[in-house]
Amino acid sequence: MDTSDTAQRPTRRSVLESGVAAAAVLGFAGPLRAATPPAQAPQAPAAELATPRLPVTLQVNGQARPLEVDPRTTLLDALRERIGLTGSKKGCDHGQCGACTVLVNGRRINSCLTLAVMHEGDEIRTIEGLAEGDQLHPLQAAFVKHDGFQCGYCTPGQICSAAGMLNEAKAGWPSTVTQDLTAPVALTDAEIRERMSGNICRCAAYPNIVAAIRDAGGTATRI
């Protein structure tokens, strides 16, 4: 008898064996899938601890200004953002342009490079504090007279720096171009340019700035 067709047709046994095998595979796969832990959602970063505020009293233009500031606050930001004296400008925020120059205890500094909390009790003078009422400081008047500005952005820093520079010259501080270290400082154009080299004027009003400072040099008897 020819059994080729019978061998190719599925029998009851082969169907049952296939079902058992499939059930076994599914039975093992189910627990394996269930045992796999679900992917966890990324956790939110822990909240940063709040930086404590520190009290500081700044003596600005003859007036006490009590503040509570982040210890990282620069003197420039404290003057502009907390006290509202926006004459001092933020030019580069790296101490390279001089637009933020103010006077601290009579000396010129870049206020973007120093922290407000470092100046408890110091006498700070900004461009707003140079004039006496309606009377301009001699440097302010000289800058107007000689047109020592164009856009005016750097002008507050230029004038404050010039005031500090005149104090240095009167105290006999030499510069790298001073010829005679034993004689009083003569405010030549070369001296003024060298001493003001830390203040950049992007409008290039340098000749007029030098002329204004030279003119005021003999009359600026106060900061």
Side-chain angles (χ1 to χ4, degrees), residues 60-61 74-81 83-114 124-132 134-181 183-223:
V60 184
N61 300 330
T74 64
L75 177 59
L76 175 61
D77 286 339
L79 292 171
R80 288 180 56 85
E81 307 298 333
I83 300 178
L85 297 174
T86 56
S88 305
K89 298 296 188 284
K90 181 176 286 193
C92 66
D93 218 21
H94 289 80
Q96 298 173 349
C97 72
C100 67
T101 304
V102 299
L103 298 164
V104 176
N105 298 329
R107 296 180 61 178
R108 51 181 173 163
I109 68 167
N110 292 325
S111 59
C112 74
L113 294 184
T114 187
I124 301 166
R125 193 166 297 274
T126 70
I127 189 66
E128 292 91 345
L130 287 184
E132 292 185 355
D134 294 333
Q135 181 183 358
L136 293 178
H137 185 280
L139 277 166
Q140 293 173 311
F143 267 69
V144 173
K145 174 183 175 182
H146 291 276
D147 198 18
F149 50 88
Q150 290 187 36
C151 77
Y153 194 84
C154 73
T155 306
Q158 296 275 0
I159 293 176
C160 285
S161 184
M165 181 271 285
L166 291 178
N167 285 341
E168 295 163 7
K170 289 176 181 178
W173 294 12
S175 75
T176 58
V177 300
T178 302
Q179 297 295 321
D180 187 350
L181 301 182
V185 174
L187 284 179
T188 63
D189 287 2
E191 280 281 359
I192 295 172
R193 290 191 186 99
E194 171 61 26
R195 292 169 183 268
M196 292 294 294
S197 60
N199 290 78
I200 295 174
C201 174
R202 292 176 174 86
C203 299
Y206 296 115
N208 296 9
I209 292 172
V210 171
I213 296 173
R214 186 177 60 245
D215 187 8
T219 59
T221 58
R222 58 184 173 83
I223 294 176

### Task
Compare every heavy atom of Trp173 with every heavy atom of Arg195, then report the nearest pair and how far apart it is.
NH2-O, 2.6 Å
### Task
Please list, chain by chain and in numerical order, all residues satisfying side chain to side chain donor-acceptor pair (under 3.5 Å) with Glu194, sequence neighbours excluded.
Thr176
### Minimum heavy-atom distance between Val102 and Arg125, given as atom pair plus value
CB-O, 3.7 Å
### Message
If you define the side chain from C-beta out and look only at heavy atoms, does anything of Tyr206 sit under 4.5 Å from Ile200?
### Response
yes
### Contacts of Asp134 that satisfy side-chain contact (heavy atoms from CB on, under 4.5 Å) - sequence neighbours left out
none
### Query
Excluding sequence neighbours, so at least two apart, what forms side chain to side chain donor-acceptor pair (under 3.5 Å) with Asn208?
none
### Query
Looking only at heavy atoms, which two atoms of Ile192 and Val210 are closest? And how far apart?
CD1-O, 3.9 Å
### Separation of Leu85 CG from Leu76 CG (nearest 0.5 Å)
11.0 Å
### Heavy-atom closest contact (Leu166 atom, Ile213 atom, distance)
CD2-CG2, 4.3 Å
### Task
For residues Cys100 and Ser111, report the shortest heavy-atom separation together with the two atoms involved.
O-OG, 2.7 Å
For residues 147-158, which side-chain donor-acceptor pairs fall under 3.5 Å, sequence neighbours excluded?
unit_1	atom_1	unit_2	atom_2	d
Gln150	NE2	Cys203	O	3.4
Tyr153	OH	Lys90	O	2.8
Thr155	OG1	Gly152	O	3.4

### Check: Leu187 and Met165 side chains under 4.5 Å, non-hydrogen atoms
yes
### With sequence neighbours excluded, residues passing side-chain contact (heavy atoms from CB on, under 4.5 Å) with Ala78
Leu58, Leu67, Thr73, Ala116
### Task
Indicate the atoms forming the closest heavy-atom contact of His146 with Asp215, along with that distance.
NE2-OD2, 2.9 Å
### Query
What pairs with Thr188 under side-chain contact (heavy atoms from CB on, under 4.5 Å), at least two apart in sequence or on another chain?
Ala186, Ala190, Glu191
### Residue pairs, two or more places apart or on separate chains, that pass salt bridge (Lys or Arg N to Asp or Glu O under 4.0 Å) and touch residues 197-210
none
### Message
Per the salt bridge (Lys or Arg N to Asp or Glu O under 4.0 Å) rule, what does the pair list look like for residues 149-167, sequence neighbours excluded?
### Response
none
### Query
Any donor and acceptor pair, going by atom type alone, linking the side chain of Arg214 with main-chain N or O of Asp189 inside 3.5 Å?
no
### Message
Would the distance check show the side chain of Thr178 and the main-chain N or O of Leu181 forming a donor-acceptor pair, the cut-off being under 3.5 Å?
### Response
no
### Message
Does any part of the side chain of Ile124, heavy atoms only, come nearer than 4.5 Å to the side chain of Leu75, both counted from C-beta?
### Response
yes
### Message
Holding to side chain to side chain donor-acceptor pair (under 3.5 Å), I want the full list of residues that pass it with Asp93, two or more places apart in sequence or in another chain.
### Response
none
### Query
Quick one: does Gln140's side chain have a donor or acceptor within less than 3.5 Å of a partner on His137's backbone?
yes
### Query
Taking it one step at a time, do Val104 and Thr114 satisfy side chain to side chain contact (heavy atoms under 4.5 Å, CB included)?
CA-CA 11 Å; Val104 176; Thr114 187; over 6 Å; no
## Note on the structure
Ser161 meets the side-chain contact (heavy atoms from CB on, under 4.5 Å) criterion, sequence neighbours left out, with Thr101, Arg108, Met196, Asn199
### Message
Evaluate Leu130 against Cys160 for side chain to side chain contact (heavy atoms under 4.5 Å, CB included), listing each step before the verdict.
### Response
CA-CA 8 Å; Leu130 287 184; Cys160 285; 4.3 Å; yes
